[in-house]
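For reference, the structure discussed in these notes is given below.
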Amino acid sequence: MATTTASPPKGGFGYRHPRARLAALLAAPMAWLVVVYLGSLAALFLTAFWTVDGFTGALVRTFTLENFVDVFTTPAYLQTMLRTLGIAISVTLLCLLIGVPVAFFMARVARPRWQPLLVALILTPLWASYLVKVYAWRAMLSPEQGVLAWFLAPLGLDSPGFGELSIIVTLTYLWLPYMILPVYAGFTRVPNSMLDASADLGAKGWRTFRSVIVPIIFPTMVAGSIFTFSLSLGDYITAQIVGGKVIMLGNVVQQNYVTNLPFAAAFATIPVIIVLLYLAAVRRTGALDNL
Amino acid sequence: MLAPFSGVLRTVSERGHVSTAIRLTNLRKEFGDVVAVDSVDLDVADGEFLTLLGPSGSGKTTVLRMIAGFEQPTSGTIELAGVDVTQVPPYSRDVNTVFQDYALFPHMDVLSNVEYGLKVKKVSKAERRQRAEEALAAVRLEDYGARKPSQLSGGQRQRVALARALVNRPRVLLLDEPLGALDLKLREQMQVELKELQRAVGITFVFVTHDQEEALTMSDRIAVFDAGRIAQIGTPVEIYEHPKTPFVAGFVGVSNLLEAGVAASLLGREGLWSVRPEKIRVLLGTASPEGSERAAAGVIREVVYVGMSTRFIVDLDAGATLIAVQQNSHATSSELGAMRGQRVTLMWNTEHEIPVG
């Protein structure tokens, strides 16, 4: 029998150095997050406290709250801010109103073999270009010649035309899949026994929906609303195409970023803060604990 | 543990005595082409602990779900306390269910879970609170009302599910393999507690399990299910000592079947026979029977040590294989191991020979 002096078998470098393995895994995403995302956000915040020389248009890199004072004291800006907030809330509520029943149907009513097809149908519009969809809505909503006007003409009605309502309709269409998909996933995770138990304890369908299903899927509704709300808050192209004279927060940023970058930055900070406040409010409900 | 549940005791007696809690008549359930339940007739007496026992897919859970109202029978009728409820939805039936996965509402704390049924029925807040606390006390969870189900152990969740059902004071409590997810020790403890609770509250229990030992320990009567039908119904002693079919003999306990040919040569009897393993004595070498005893010679094929007892698998010269179980009162494991391959004589009293068809 031969005696062996070889060292005991060892795993590879990564096996022996778990921290190095973790670093290798996260190097690229961390670089992206820190440099691109946090970097640009920091630049945004920093710029918001600078100003421009009114005469030369050159950037003045001294700390000032002037931009924020402007934002909150100019009635037109305040109005735009509130309007944008109103649009984002309306879009979110409409998405809930339309999306939750659709998700419920997909997860609980439709036959299981149809479910993948329905999910694919919900996803399909996401593959089409954003601009194509918004221009399609422009054609739909166009007063007097639009598809909607054509349909409503026999009733003596006209399309709402280009304005706030059209923005809400178009954004609801655009972001609806982002509401349906998480809520659908939530519905599929509610075990049947939970519904049986509620019926067993005396609750009829509506009571079960209200007291058992909705609270259980509430976190997914919140998840969906984070998408619809923040996407609506930041949008400006839809307003340009179907908004007529109505402008949103993003339009103000777009109009100013060439001539007055610090003011645009200050204005762009507003939706970031609103979304942070929204997340904080949602966190208090405990909805994020189960995500 | 019984005192706090006096409220439930009272209502049951107030209701007066109704002899039949549940009557199933010619019950049948098809799922597509599959017949899950076929011609089931069953009467459950008020206050009885009845177990539906069978392997998975035998239809026992489907019967339970039809009694609860979660499934509609294809044909046949379901009566609760003499009233036909076949077409009545679950929320209007005077039964409550303890689910296999407990089905506790994850977003409610324990007290709200227990109060849910009363809240739905618009019981006043004060009474609701009091009854829920009573029910939690009855399952020894009085201090857990503020917890979420996710903060409880499996055994505690099981008890909450029990309290949530019992707080409604149903005429019948349905239990769908409620102990299946618990570990052995806890399961044995809960078996005793459930039985005590059932005696205390006097509610009819219909209990579904695939565990024959559980069924034998807890039940007043057992209905053994085989392929959608009731193969036999009777007390635990009847089911164990006098199985009527080879399936029942095999599913409840160890079967030890003596096929027709072997039975004829060994017992001198017609048909299929069975002898329970604990009734058989294992004697080394040859021995002759006395009185009403029967002897059968064979060779030990395998010796299985199971702690408290030892299981001998013996190939009989007559052709069958019998299992005999002996208590390990004296023998040591090494002595037992040495018995493999030895010639033995198996002895049993002829009164323990059971005809199974």
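As the structure is a prediction and not an experimental result, all values here were calculated from the model. Each chain gets a letter, A, B and so on, in the order the sequences are listed, and its residues count up from 1.
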Other residues, nucleotides, ligands: >12 heavy atoms within 6.0 Å of [X] [atom1]:
{"X": "B/K121", "atom1": "NZ", "result": "yes"}
{"X": "A/K133", "atom1": "NZ", "result": "yes"}
{"X": "B/Y144", "atom1": "OH", "result": "no"}
{"X": "A/R16", "atom1": "CZ", "result": "yes"}
{"X": "A/F227", "atom1": "CZ", "result": "no"}

Could you tell me whether the side chain of [Y] reaches within less than 4.5 Å of the side chain of [X], counting heavy atoms only?
{"X": "B/Y91", "Y": "A/S198", "value": "no"}
{"X": "B/N168", "Y": "A/L201", "value": "yes"}
{"X": "B/P90", "Y": "A/D196", "value": "no"}

- B/L104 versus chain A, the contacting section by heavy-atom distance below 4.5 Å: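 For B/L104, backbone heavy atoms alone lie under 4.5 Å from chain A.
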
- Item | Region of B/F99 in contact with chain A, defined by heavy-atom distances below 4.5 Å |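 For B/F99, the side chain is the part near chain A, not the backbone.
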
- Message: If I take atom OH from residue B/Y102 and atom CE from residue A/M194, how far apart are they, to the nearest 0.5 angstrom?
- Response: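 Result: 13.5 Å between the selected atoms.
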
Heavy-atom closest contact ([X] atom, [Y] atom, distance):
{"X": "A/T208", "Y": "B/Y116", "answer": "CA-OH, 4.3 Å"}
{"X": "A/S193", "Y": "B/D101", "answer": "OG-OD2, 2.8 Å"}
{"X": "B/R164", "Y": "A/A197", "answer": "NH2-CB, 3.5 Å"}

- Using atom types as modelled and distance alone, determine if a side-chain donor or acceptor of B/H107 lies under 3.5 Å from a backbone N or O of A/I213. no

- Would you confirm whether B/N96, through its side chain, and A/D200, through its main-chain N or O, come within 3.5 Å as a donor-acceptor pair?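 Side chain of B/N96 to backbone of A/D200, a donor-acceptor pair under 3.5 Å: yes, one is there.
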
